[in-house]
Amino acid sequence: MRKTPTRASRTPRLRAALVAVAVAAVTGTTLAGSPAVASSGAAPTTDTTQFKGVNWADPRDNFADDLLQLSGLSTTDTYRQTYAKATRIIAAFRANLGANTVRLPINPYTVNGAYWKSYRGVIDAASDQGFKVIVSYWEGTGAQKDGYIDDTATYWPMWDTVVKAYKNDKRVYFEPMNEPHGYTDTEWADIAAKWLSTYSKVPRNRVFVSGAGYNDHVTSVCADPRLKGTYLSLHHYGFWKEYATYDQWVADLKVRIGDCANRTVADEFGAPMTTGLNYNVKTPDDNFVNYVQAVTDTFRELKMGSVYWPGLRTDDTYSVQTLTGTTARPWLATTNQSGADRLAWAWGRGKPVKG
């Protein structure tokens, strides 16, 4: 993820994001070290529109040096309690937004110990309701938040456990790492290729290879023949620029995708949802309105799946859902209906923006 709710915690990520954005101009120039047009190889599908989803996050932004605790859940919950709560929250994502996909974080602390038994309740509850589940590795926080795998000695056993548990569940998808910005494009492609080789029995169309950098372009991983047949995950955010027009946001997004839209899912994108912005009306002087309208129109045009950041994260102004109900029986409410309308539009439903 790229967005945090307070200025103090956002600043380092924003600074890094601005560096990443510097590699691509809105005029359509190529990304540094990456071709503007890359051969997509053997794509898993002709489009990725089957993924219509949201991220469900820990209030700490999923960067943690301990157990992950998704908003609305507790690390003291049993499997049965976790499953029951997750069933309600997943049902609310479907009822309120029309979602069919959820992206979830993992880390070695969560998977390699006793808590894994309970945390599996989230994945199981989503899968049992027919949701597609994207499971992605997040690095730690503090000095650990450097864009590298924190510890390979715990990383690979974590994936051994997760793959063994879900390799036969066709609704579960694996994303080897979120935002691998510590690595060069080539280094990251090498790691992704190693993951595929290590878990060669996992069908490639159940793997999401993150774009290089902050997942901010997919052209380099798309061009690598070792990664053919996988999905590619892209991140894209409105706070990367102080201001851009609608057309500039469209150009910025498209140069990051190249000709790889048929393999790409935007599994993070987001904008403020609790500040009263109306995303259903053209407002050319507002950067975030331009951004949301541009990216949702483009996802629909390119037949790309998209997974909003975040569907649910406590105290995040970008969260399109907020917790209601009781601790034991949670439900969700929509924080910005116009934002939900733009998601529906990106996912092939709803109405276009008003003039």
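The figures that follow rest on heavy atoms only: side chains count, while hydrogens, waters and symmetry mates do not.
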When you check the side-chain N and O atoms of [X] and [Y], is any donor under 3.5 Å from an acceptor?
| X | Y | answer |
| --- | --- | --- |
| Glu179 | Ser210 | no |
| Tyr83 | Asp128 | yes |
| Tyr246 | Asp297 | yes |
| Thr110 | Asn107 | yes |
| Thr186 | Thr184 | no |
| Asp190 | Tyr183 | no |
| His235 | Asp267 | yes |
| Arg342 | Asn280 | yes |
| Asp252 | Gln248 | no |

To the nearest 0.5 Å, what is the distance between [atom1] ([X]) and [atom2] ([Y])?
| X | Y | atom1 | atom2 | answer |
| --- | --- | --- | --- | --- |
| Ser136 | Asn55 | OG | CG | 8.5 Å |
| Arg103 | Trp56 | CZ | CH2 | 15.5 Å |
| Leu343 | Arg349 | CG | CZ | 9.0 Å |
| Asn215 | Arg256 | CG | CZ | 11.5 Å |
| Asp185 | Thr219 | CG | OG1 | 7.0 Å |
| Thr245 | Asn287 | OG1 | CG | 9.5 Å |

Would you say Val353 and Trp249 are hydrophobically clustered, going by side-chain heavy atoms of ILVMFWY under 4.5 Å?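 In one cluster: no.
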Group every Ile, Leu, Val, Met, Phe, Trp and Tyr by side-chain heavy-atom contacts under 4.5 Å, then state whether Leu67 and Tyr79 land in the same group.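 In one cluster with Leu67: Tyr79, no.
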Looking at [Y], is its backbone amide N or carbonyl O close enough to the side chain of [X] to form a donor-acceptor pair, meaning the two atoms are under 3.5 Å apart?
| X | Y | value |
| --- | --- | --- |
| Tyr148 | Gly182 | yes |
| Thr334 | Gln321 | no |
| Thr82 | Val122 | no |
| Ser200 | Leu196 | no |
| Glu139 | Asp146 | yes |
| Lys241 | Gly238 | no |
| Arg313 | Tyr318 | no |
| Tyr214 | Asn178 | no |
| Thr48 | Thr264 | yes |
| Thr296 | Trp345 | no |

Apply side chain to side chain donor-acceptor pair (under 3.5 Å) to Ser197 and list each qualifying residue two or more places apart in sequence or on a separate chain.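 Expected list: none.
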Which atom of Ala340 lies closest to which atom of Val320, heavy atoms considered: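 The answer is N-CG2, 4.3 Å.
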Provide the closest heavy-atom pair for Leu73 versus Ala86 in the form atom of the first, atom of the second, distance.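 Nearest pair, atom of Leu73 first, then Ala86: CD2-N, 4.4 Å.
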Please work out which of the three classes, parallel, tilted or perpendicular, describes the rings of Trp159 and Tyr155, given edges at 30° and 60°.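 It falls in the perpendicular class, over 60°.
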Determine, stepwise, if the pair Lys351 / Asp341 fulfils salt bridge (Lys or Arg N to Asp or Glu O under 4.0 Å). CA-CA 8 Å; Lys351 298 178 181 179; Asp341 291 344; over 6 Å; no
Under 6.0 Å between ring centres: does that hold for Trp188 and His181?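 Ring-ring flag for Trp188/His181: false, centres at least 6.0 Å apart.
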Tyr231/Phe51 aromatic ring centres below 6.0 Å: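 Ring centres of Phe51 and Tyr231 closer than 6.0 Å.
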Take Asp160 and Tyr199, measure what side-chain hydrogen bond (donor to acceptor under 3.5 Å, both in side chains) needs, and give me the verdict at the end. CA-CA 8 Å; Asp160 290 346; Tyr199 304 108; 2.6 Å; yes
Qualifying side chain to side chain donor-acceptor pair (under 3.5 Å) pairs with a residue from residues 269-278, counting only residues at least two apart or across chains: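 Listed by first then second residue: nothing to list.
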Please list all pairs passing the side chain to side chain donor-acceptor pair (under 3.5 Å) test where one or both residues lie in residues 111-120, with sequence neighbours left out.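 Residue pairs with at least one partner in residues 111-120: Arg120-Tyr166.
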For Thr230 and Arg263: C-alpha separation, side-chain torsions, deciding distance, then whether side-chain hydrogen bond (donor to acceptor under 3.5 Å, both in side chains) applies. CA-CA 7 Å; Thr230 63; Arg263 292 176 62 189; 3.0 Å; yes
Report the C-alpha distance between Glu301 and Lys254 in whole Å, list the side-chain angles of each, state the deciding distance to 0.1 Å, and finish with yes or no for salt bridge (Lys or Arg N to Asp or Glu O under 4.0 Å). CA-CA 11 Å; Glu301 172 198 344; Lys254 286 186 174 182; 3.1 Å; yes
Considering the options Tyr308, Trp347, Phe269, which one meets the ring pair (Phe, Tyr, Trp, His ring centres under 6.0 Å) requirement together with Phe299?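 The single option meeting the ring pair (Phe, Tyr, Trp, His ring centres under 6.0 Å) with Phe299 is Phe269.
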